[in-house]
Peer 1: 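Below you will find the structure I want to go over with you.
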Number of protein chains: 2
Amino acid sequence: MTVRRGKKRANLRDVARAAEVSVATVSRVLNTPDVVQAETRRRVEAAMAELHFVRSAAARAINTGRSKILGALIPTLDNAIFASTIDAIESRLGDFGLSLVVATTGEDPEVEARKAQGLLDIGVEGLFLSGITHHDTLHALIEHTAVPAVVISYYDANYHLPTIGYDNREAGRIALAHLVGLGHRRIAVVHNPAEHNDRTRERLAGFESAPADVVLTRFESALTVAGGARAAAMALASGAPFDAFLCASDVQALGVLFELQRAGIAVPEAVSVMGLHDLPSAAVTAPRLSTVHLPAEEMGRRAAEAMADWVENEVPARPICLPTALKIRESTRRRGG
Amino acid sequence: MTVRRGKKRANLRDVARAAEVSVATVSRVLNTPDVVQAETRRRVEAAMAELHFVRSAAARAINTGRSKILGALIPTLDNAIFASTIDAIESRLGDFGLSLVVATTGEDPEVEARKAQGLLDIGVEGLFLSGITHHDTLHALIEHTAVPAVVISYYDANYHLPTIGYDNREAGRIALAHLVGLGHRRIAVVHNPAEHNDRTRERLAGFESAPADVVLTRFESALTVAGGARAAAMALASGAPFDAFLCASDVQALGVLFELQRAGIAVPEAVSVMGLHDLPSAAVTAPRLSTVHLPAEEMGRRAAEAMADWVENEVPARPICLPTALKIRESTRRRGG
DNA sequence: GTGAAAGCGCTAACAC
DNA sequence: GTGTTAGCGCTTTCAC
């Protein structure tokens, strides 16, 4: 069934007829205007305006083999973590005339594989993936369709797909080292479930670089502000004394900050709190959050550029490792200092 | 598995040839499987699997006139405000086999109009718009193309496009009334620029419902946590005494909370802080934020459903006004109480 | 139940 | 510079 909404819209032939030229000429003013005589072009443009002509993306795509649409698979949008990256990807892609459709996976590999199929069904030319942990089906899909795919938020030069991100383990190490350097020994580690999340797994591995006299106690909860608060409450309820809270993400660190304040525990006087990510709001909390900066925005931009180069010029993306940086603010202090 | 030579992927004809049937039959097993004889269908399905057949969305779209893609124009993704709504839209749309491509406008009407054109160029079947303030070009575009468009985050039954949202002015009124009912008279209003933002404008209008003896002083800054903090700092620096901070959005309220804490001003003992939106984290702050709940998620769901009904069954969306609700938590208290 | 064939709206040779 | 025309991959009558 062909759906006709209101007045059927004008097509190339209609414009050609109105401008008294051939469809080829109309197509030319659309694609290579400078090759058309000025006067002819003017007539065609007038006709297009008159008829409110909008070229059919589908027909265009079927001929060029290009949809100009890319797909991104991310765990969730409802969380500041991916927002700035997606924002950067979308914005940079726009500079190349490319669009982005984002699909959320809820961190479920099966959902991810299913949505990837859906993305391919609508004709995306390339895929942005988060991390390297994926369902076999997705891997097979990428291999069979040979669709350009780049991994973000993770760096591993040896992965079979190009990774454009940062070294999560190193970031974890830096955060841990900062705390240890401050003399903290009894550390509460707050993190989200790592089962399907390799970024978290790597950060936790980085935390494990602690010297033998440092005691790490893990508290796991959801990757939300509320989750962080809950984890802090669990740590407090455990009765164990902690010098510092080390969070696998700023989002949870925010929750930890709130919960400690609620409990009347002064940060950083009584306990230090360390984040990891450097969300925009991390610089504004009270106290301002010490954290490890992750170049989320630049990563998005670089990933978009690499993808554009891939789909436009057939240059496959290459791994990029972006540097992270320690941000010492107010939420961490020398033990007993 | 047969590896195809060249980069060309299998098409209907290839599958038909492999299964020794006609393209029509292959098309049938794709669209109306039950009308095909079981054995034939089995052969076709085997051939499709063997060739890793993926039907071309473009070719499909050109025939059906349907792209199954919708577009959303939102100010930004880098801000919790739209995230849950977009998340809900995307998710609900998925239930109807529809995809979403989101474009960010940075709250610039010209950018919005340009991106809307871009969305139409890639063939979206419908548009989600934020608020009712748009560039003339966009209005003209919507009228000429007759593309289904629904407005979210706003409610106005008389607007020429269906609005699915809430009454921002009423929400503002509720927030203000709560503060006034608590005995507050000197109120610092923290808000983002309202120039291109009718939601904000309406909320401010709601604030103006204050009795004559209430004094409202406005502090404008960016719609971010940092912006809220900055506005609070300005209010504090002004030297004027305030009973309460009334924020046009929770995002800014978070910043206000942080700044007040930094300044050593107890909330709600010394001053009340009122938000508007009820972000997930509002329930976790210290103190927990009193606010007016905006049904962001339900709005996204309802908007998606209305849009699906529109593009699938040609029933135009109708305005929906979702109720807001006062959430009294810990950040507001009776004056001197 | 299945096949043949006519398009859908556009691009890209190739001709003039 | 411009026109003619053959497809692109699929859906959809309409025969059989």
Side-chain angles (χ1 to χ4, degrees), chain A residues 1-5 7-45 47-48 51-68 97 120-123 125 145, chain B residues 4 6-45 47-48 51-68 97 120-125 145:
Chain A
M1 163 196 67
T2 303
V3 181
R4 280 261 171 280
R5 249 179 276 294
K7 48 209 168 188
K8 70 167 188 286
R9 52 178 230 200
N11 63 20
L12 258 204
R13 191 152 46 232
D14 297 328
V15 175
R17 195 177 304 128
E20 302 187 293
V21 296
S22 72
V23 292
T25 296
V26 180
S27 180
R28 282 188 195 103
V29 349
L30 247 20
N31 301 306
T32 52
D34 15 81
V35 94
V36 179
Q37 197 163 296
E39 165 56 16
T40 310
R41 185 171 62 216
R42 206 199 48 67
R43 280 214 325 277
V44 172
E45 278 163 350
M48 294 199 300
L51 299 172
H52 303 304
F53 172 76
V54 182
R55 58 129 98 55
S56 154
R60 181 156 216 265
I62 206 180
N63 279 289
T64 59
R66 301 280 318 269
S67 67
K68 299 252 182 190
L120 254 23
D121 285 349
I122 67 169
E125 296 183 42
T145 59
Chain B
R4 294 180 57 77
K7 40 186 63 175
K8 257 190 61 168
R9 52 176 223 205
N11 62 19
L12 259 204
R13 191 154 47 233
D14 297 328
V15 175
R17 197 176 301 128
E20 300 186 294
V21 296
S22 73
V23 293
T25 296
V26 179
S27 180
R28 282 188 197 102
V29 351
L30 247 20
N31 302 306
T32 49
D34 15 81
V35 94
V36 179
Q37 196 163 296
E39 166 56 14
T40 311
R41 186 170 62 217
R42 206 201 47 67
R43 281 214 324 278
V44 172
E45 278 162 349
M48 295 199 299
L51 299 172
H52 302 304
F53 172 76
V54 181
R55 62 131 97 55
S56 154
R60 181 154 217 266
I62 207 181
N63 279 289
T64 58
R66 301 280 320 270
S67 66
K68 299 252 183 189
L120 253 25
D121 284 350
I122 68 170
V124 300
E125 296 183 44
T145 59

Peer 1: Assess whether one donor atom and one acceptor atom, taken from the side chain of A:Arg9 and the base of C:dG9, lie less than 3.5 Å apart.
Peer 2: no

Peer 1: Does C:dC10 have OP1 or OP2 under 4.0 Å away from a side-chain N or O of A:Asn63?
Peer 2: no

Peer 1: With the threshold set at 4.0 Å, does a side-chain nitrogen-carboxylate oxygen contact exist between B:Glu39 and B:Arg42?
Peer 2: yes

Peer 1: Quick one: is B:Thr25 getting a side-chain N or O under 4.0 Å of the C:dG3 phosphate, OP1 or OP2?
Peer 2: yes

Peer 1: Closer to the 5' end of DNA chain D via nearest nucleotide, is it A:Ser22 or B:Ala24?
Peer 2: A:Ser22

Peer 1: Which part of the nucleic acid, if any, lies within contact of B:Val21, taking any heavy atom under 4.0 Å across all strands shown: a base, the sugar-phosphate backbone alone, or nothing?
Peer 2: sugar-phosphate

Peer 1: Can you check whether B:Thr40 has a side-chain N or O nearer than 4.0 Å to OP1 or OP2 of C:dT2?
Peer 2: yes

Peer 1: Would you say B:Arg13 reaches D:dC8's phosphate, i.e. side-chain N/O to OP1/OP2 under 4.0 Å?
Peer 2: yes

Peer 1: Contact class for B:Ser27 (heavy atom, under 4.0 Å): base, sugar-phosphate, or nothing?
Peer 2: base

Peer 1: By nearest nucleotide on DNA chain D, pick out whichever of A:Val36 and B:Ala59 is the more 5' one.
Peer 2: A:Val36

Peer 1: Look only at the side chain of A:Arg41 and the backbone of A:Val29, and say whether a donor-acceptor pair between them is shorter than 3.5 Å.
Peer 2: no

Peer 1: Looking only at heavy atoms, what is the nearest atom pair of A:Ala57 and B:Gly123, with distance?
Peer 2: CB-N, 3.7 Å

Peer 1: Does A:Arg60 put a side-chain nitrogen or oxygen below 4.0 Å from OP1 or OP2 of D:dC8?
Peer 2: no

Peer 1: Using a 4.0 Å heavy-atom cut-off across all strands, classify A:Arg55 as base, sugar-phosphate, or nothing.
Peer 2: sugar-phosphate

Peer 1: OP1 or OP2 of D:dT11 versus the side-chain N and O atoms of B:Asn31: is any pair under 4.0 Å?
Peer 2: yes

